[in-house]
Amino acid sequence: MGRINIAIDGPAGAGKSTIAKAIAKRRGIMYLDTGSLYRAFALFAIRNNVEPKERLKIEELISQAKIELEYIDGEQHVILNGEDVTSQIRTAEVSTCASEVSALDCVRAFLLDLQRNIAKENDCVLDGRDIGTVVLPDAQKKIYLTAAPEARALRRYKEMIANGDTVEYNDVLRDVLYRDQNDSTRANAPLKRAEDATVVDSTNLTLEETIDAVDKIIG
Ligand code: DC
C-alpha cells in the first residue's frame, strides 16, 4: 500500500502549521513543515551576508548547505550543517528572506528531492505553498487553507505579542501582504490552489472548527 500523504497549502499566516500538526497528531502520522527548509536556507544566506539577488553566491551556498530534519519527542527540528537552528528561523528577517530565496529555481530544486524523499518514506502531512501542485501532485488529499489577509495578520500579531515581541499590527499586515505578493507571483511553483484541492477559508472559524473542517474533508 502507498504512503498516506496529505498536502496543506496556503498563504502565510493561514494557520497551516497549527492545523497540519493537529491533523498529523490525530492520525498518528508525521508532520513536515516545508517552510522550515526554506527558512533554514535563508538563515544560511543571512549569516553569510548573501542577498537573494546574488545568484552565483546563492548557488555556491547551495553546494555548502546540508539541511536535514530530525524528530525529537515528536517535534520537527531543522538541522543546518549539523547545527539545530529550529529556534532561529522564525524572525521577521528570516521570513522575508525565505520568501525571496524561495523564488529562485536553484533553491527550489535543491529542496524538492528532500521533501519528496521524506514523503516517500513516511505517512505524513506536509504544509507549504506548492505541495499539492508540484512536490506531491499525487497526494491523496489536498487542502488549500486560506483566510483574509487582515485575519491572518491579526493572528500573527497576537501570537507575537503573546511571545513578548514588540510589534505593530500594521507592520505585520504589511509583511503578510508582501509575502502573499511574492509567493503567488513568482514564476516557479507559485502559491496557488491545486485544481483538486478543497478550499477551507478560516477567516470566521476558530482553530477547533478549522481542524474539524479539514479533518472531515480528509475523511
Ligand atoms: O510557511 P512559511 O511561512 O514557514 O514559509 C516561509 C517561506 O518559504 C514562504 O514565504 C514561501 C516559502 N515556501 C515555499 O516557497 N514553498 C513551500 N512549500 C513552503 C514555503
Side-chain angles (χ1 to χ4, degrees), residues 1-41 66-80 84-90 95 98 102 107-147 152 155-156 159 183 189 191-202 205-219:
M1 210 179 84
R3 289 283 175 202
I4 299 169
N5 288 152
I6 299 169
I8 303 186
D9 290 303
K16 294 185 302 292
S17 63
T18 313
I19 306 295
K21 230 184 249 179
I23 297 288
K25 199 170 173 195
R26 276 192 191 183
R27 288 162 189 261
I29 62 178
M30 196 170 117
Y31 162 58
L32 172 56
D33 166 10
T34 65
S36 68
L37 305 172
Y38 291 91
R39 288 172 179 272
F41 185 77
K66 186 163 183 219
I67 297 175
E68 298 161 293
L69 294 178
E70 270 180 22
Y71 288 82
I72 304 171
D73 295 331
E75 288 291 320
Q76 179 193 285
H77 287 248
V78 190
I79 315 296
L80 170 64
D84 187 341
V85 294
T86 314
S87 61
Q88 292 163 59
I89 56 172
R90 298 287 153 198
S95 298
S102 73
V107 173
R108 301 205 75 78
F110 169 55
L111 296 174
L112 187 61
D113 285 346
L114 178 57
Q115 298 170 73
R116 284 188 177 152
N117 288 339
I118 295 172
K120 200 159 74 184
E121 284 162 19
N122 302 276
D123 290 334
C124 56
V125 182
L126 298 91
D127 83 41
R129 304 292 188 289
D130 61 337
I131 308 303
T133 50
V134 175
V135 180
L136 301 172
D138 296 330
Q140 292 90 341
K141 299 287 174 182
K142 299 181 186 178
I143 309 286
Y144 188 82
L145 183 64
T146 188
R152 291 186 277 122
R155 288 181 199 150
R156 267 281 147 90
E159 231 172 66
D183 296 347
L191 165 68
K192 72 165 192 256
R193 181 179 81 84
E195 275 176 17
D196 51 350
T198 307
V199 178
V200 174
D201 185 331
S202 70
L205 300 180
T206 63
L207 187 59
E208 274 309 310
E209 287 168 342
T210 313
I211 296 170
D212 287 343
V214 173
D215 214 24
K216 213 164 140 191
I217 292 163
I218 295 170

- Candidate pair Asn122 and Asn5, rule side-chain contact (heavy atoms from CB on, under 4.5 Å), full reasoning: CA-CA 8 Å; Asn122 302 276; Asn5 288 152; over 6 Å; no
- Message: In the structure I gave you, are the side-chain heavy atoms of Ile23 and Ile211 within less than 4.5 Å of one another anywhere?
- Response: yes
- Task: Any chance you could measure Gln140, atom CD, to Ile218, atom CD1, to the nearest 0.5 Å?
- Result: 10.5 Å
- Message: Could you report the tightest heavy-atom contact between Glu75 and His77, atom names first, then the distance?
- Response: O-CD2, 3.2 Å
- Quick one: does Val199's side chain get under 4.5 Å of Thr146's, heavy atoms only? yes
- Is the side chain of Lys142 donor-acceptor paired with the backbone N or O of Pro137 at a distance under 3.5 Å, no angle test? yes
- For Gln115 against Leu37, the heavy-atom pair lying closest together: CG-CD1, 3.6 Å
- Query: So, do Leu69 and Leu32 sit near enough that their side-chain heavy atoms are less than 4.5 Å apart?
  - Reply: yes
- Message: So does Glu209 get a backbone contact from the side chain of Thr206, meaning a donor-acceptor N/O pair under 3.5 Å?
- Response: yes
- Query: Between Arg27 and Asp123, is the closest basic N to carboxylate O distance under 4.0 Å?
  - Reply: no
- Message: Just verifying a value: how many Å separate Leu145 CG and Thr198 OG1, rounded to the nearest 0.5 Å?
- Response: 11.5 Å
- Query: Checking Tyr71 side chain against Tyr31 main chain: does a donor-acceptor pair fall under 3.5 Å?
  - Reply: yes
- Message: Assess whether a salt bridge exists between Asp212 and Arg26, defined as any Lys/Arg side-chain N lying under 4.0 Å from an Asp/Glu carboxylate O.
- Response: yes
- Would you mind reporting whether Leu126 and Ile8 have side-chain heavy atoms less than 4.5 Å apart? no
- Can you spot which of Ile217, Val214, Ile29 makes a side-chain contact (heavy atoms from CB on, under 4.5 Å) with Ile6? Ile29
- Arg152 side-chain N/O to Ala14 backbone N/O, donor-acceptor pair under 3.5 Å: no
- Query: Any Lys/Arg nitrogen of Asp33 or Arg90 sitting under 4.0 Å from an Asp/Glu carboxylate oxygen of the other?
  - Reply: yes
- Message: Go through it in stages, so that I can follow the logic: the residues are Met30 and Ile118, the test is side-chain contact (heavy atoms from CB on, under 4.5 Å), and I'd like the CA-CA distance, side-chain angles, deciding distance and then a yes or no.
- Response: CA-CA 10 Å; Met30 196 170 117; Ile118 295 172; 3.2 Å; yes
- For the residue pair Val134 and Arg116, what are the closest heavy atoms and their distance? O-NH2, 2.9 Å
- State the NZ-CD1 distance between Lys16 and Ile131, to the nearest 0.5 angstrom. 10.0 Å
- Task: Determine which pairs satisfy salt bridge (charged side-chain N to carboxylate O under 4.0 Å, His left out) with at least one residue from residues 128-137, sequence neighbours left out, and list them in order.
- Result: Arg108-Asp130, Arg129-Asp183
- Do Ser202 and Arg155 have side-chain atoms, one donor and one acceptor, less than 3.5 Å apart? yes
- Task: Check for a donor-acceptor pair, side chain of Asp127 on one end and backbone N or O of Ala20 on the other, with a separation under 3.5 Å.
- Result: no
- Task: Would you give the length of the straight line joining atom CG of Asp84 to atom CD of Glu70, rounded to the nearest 0.5 angstrom?
- Result: 7.0 Å
- Closest heavy-atom pair and its distance - Phe41, Phe110: CD1-CE2, 4.2 Å
- Task: For the pair Glu195 and Arg193, find out whether any cationic side-chain nitrogen is under 4.0 Å from an anionic carboxylate oxygen.
- Result: no
- Item | Verdict with reasoning, Ser102 to Val107, per side-chain contact (heavy atoms from CB on, under 4.5 Å) | CA-CA 6 Å; Ser102 73; Val107 173; 5.6 Å; no
- Between CD1 of Ile19 and CD1 of Ile143, what distance do you get to the nearest 0.5 Å? 10.5 Å
- Message: Looking at every heavy atom in both Asp9 and Gly132, which two are closest together, and how far apart are they?
- Response: OD2-N, 2.8 Å
- Item | Closest approach of Tyr144 to Pro11 (non-hydrogen atoms, all atoms of both residues) | OH-CD, 4.0 Å
- Query: By side chain to side chain contact (heavy atoms under 4.5 Å, CB included), which residues pair with Ala40, not counting sequence neighbours?
  - Reply: Ile67, Val78, Val85
